[in-house]
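Before any comments, here is the structure.
First listed ligand is number 1; within each ligand, the first listed atom is number 1.
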Amino acid sequence: MLLCNNVQGYTLYGAVIMKIVVSKKVPFNIENALNDYTVDYNDSETSLSYDELKTRCVDADALVCMLSDRIDKDFIDACGNLKVIANYAVGYNNIDFEYASEKGVCVCNTPDVLTESTAEIGFGLLMAAGRRIGEAERFTREGKFHGWGAGMMLGHDLYGKTLGVFGMGRIGAAVARMALGFNMNIVYHNRSRNLVAENLTGAKYVEFEEFLTDSDFIVVTAPLTDQTKHRFTKKEFHEMKSTAVFVNIGRGPIVKEADLADALENKEIFAAGLDVYEDEPIINEKLFNLENVVLLPHIGSADVDTRAAMGQMCADSVVQVLKHGEKPATCVF
Ligand code: DGY
């Protein structure tokens with residue numbers, strides 16, 4: 001007999017085997033971690049359509065979903081049995097979490113475990129874009145390297161330069177900490193001050209205008225919100241240094257991608273590195289033809305141990321709600 005009074009106030013009685021939907025294959029034995037439940041696992045690399053996922057979730061108690069699954073009001077209304085949605089990502093802008101909260105559905109994410117791996121990709125993009133690593137690799141592979149040249153592939157060093165961090169959360173602070181190894185001067189812009197990061201890295205909070213004009217390298221690590229959407233457009237790229245290197249590992253819609261492509265094409269900024277896109281997986285066509293941009297397929301957290309830890313965290317959150325009736329620390333509200 002299962003009796004579960006959870007924090008949202010619902011009560012479950014009886015030895016009912018609860019159903020959990022996992023929307024896409026994850027590199028972790030999630031069925032094993034959820035073996036007390038019926039797991040409807042889309043054990044495939046292909047995403048389910050919005051309608052198919054919704055249909056599978058109509059009678060589900062929990063959903064483990066990906067950042068590419070849209071979980072909106074209609075979805076939540078149609079799946080009235082859901083008690084917990086565990087997003088296999090730290091960002092959760094794909095879920096109408098405010099509505100879910102109104103409906104008593106706990107929305108969880110995977111913070112902390114992916115901080116360092118995502119920050120590493122951010123730092124890697126800063127280096128790759130600044131030092132033209134992607135372009136140089138293509139050049140070599142295409143057989144164009146016919147001898148050392150003093151003026152060949154000149155880029156911009158990170159060492160001693162100013163790094164601007166947009167969004168000083170866990171990942172932003174980790175990138176800033178890595179930048180200390182390159183003797184970088186760190187400035188940041190955020191909705192509020194992060195005194196811990198300031199103390200740890202010597203980062204200085206600056207207004208947005210100063211952030212744009214003073215940074216040699218910019219890394220976007222902010223979440224997507226109404227306030228951050230399209231924060232970087234034509235105007236902002238115009239204000240940056242012509243030598244600036246711009247990296248986005250936060251969320252694509254923070255940047256107007258067409259404006260970034262124009263700024264790169266017109267050499268208004270030096271280079272960019274992107275792991276996220278405005279309309280994933282679609283990428284602005286113009287970017288494919290530009291040498292001064294490094295394009296990654298959203299692999300911020302794609303590390304073997306990290307992805308396993310994310311799977312474990314999602315499973316733990318689900319179990320904590322369904323079995324113990326508790327609100328997990330990963331619940332986002
Ligand atoms: C996330 O988990 O939100 C990030 O996009 C990782 O790449």
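Residue contacts with ligand 1 for Ile249 are absent, since no atom lies close enough (heavy atoms, distance under 4.0 Å).
Annotation: Arg138, atom CZ; neighbour count of heavy atoms from other residues, nucleotides and ligands within 6.0 Å is above 12.
Considering backbone and side-chain N/O atoms, Gly91 comes within less than 3.5 Å of an N/O atom of ligand 1. Polar contact check, Arg307 against ligand 1: no nitrogen or oxygen pair lies under 3.5 Å apart.
In terms of protein heavy atoms, atom 3 (O) of ligand 1 is closest to Arg251 NH2, 2.6 Å. Looking from atom 2 (O) of ligand 1 to the surrounding protein, the closest heavy atom is Val90 N, 2.8 Å. Protein heavy atom in closest approach to atom 6 (C) of ligand 1: Ser301 OG, 3.7 Å.
The aromatic rings of His156 and Phe270 sit perpendicular to each other, their planes meeting at more than 60°, with 30° as the lower class boundary. Classification of the His189-Phe208 ring pair by plane angle, with boundaries at 30° and 60°, yields tilted.
Salt bridge present: Glu265 and Lys286 bring a charged side-chain N and a carboxylate O closer than 4.0 Å.
Note that Arg307 lies outside the cation-pi zone of Tyr88, set by a 6.0 Å cut-off to the ring centre and a 45° limit from the axis. Geometrically, Lys144 does not engage Phe139 in a cation-pi contact defined by less than 6.0 Å to the ring centre and at most 45° from the axis.
Per-residue contacts place Leu114 under 4.0 angstrom from the following atoms of ligand 1 (heavy atoms of the residue considered): 2 (O). With ligand atoms numbered from 1 in the order given, ligand 1 contributes 4 (C), 5 (O), 7 (O) to contacts under 4.0 Å with heavy atoms of His298. Near Gly300, the atoms of ligand 1 lying under 4.0 angstrom from a non-hydrogen atom of the residue are 7 (O). Counting the atoms of ligand 1 from 1 in the order shown, those under 4.0 Å from a heavy atom of Ala89 are 1 (C), 2 (O), 3 (O).
A side-chain donor-acceptor contact under 3.5 Å links Glu278 and His230.
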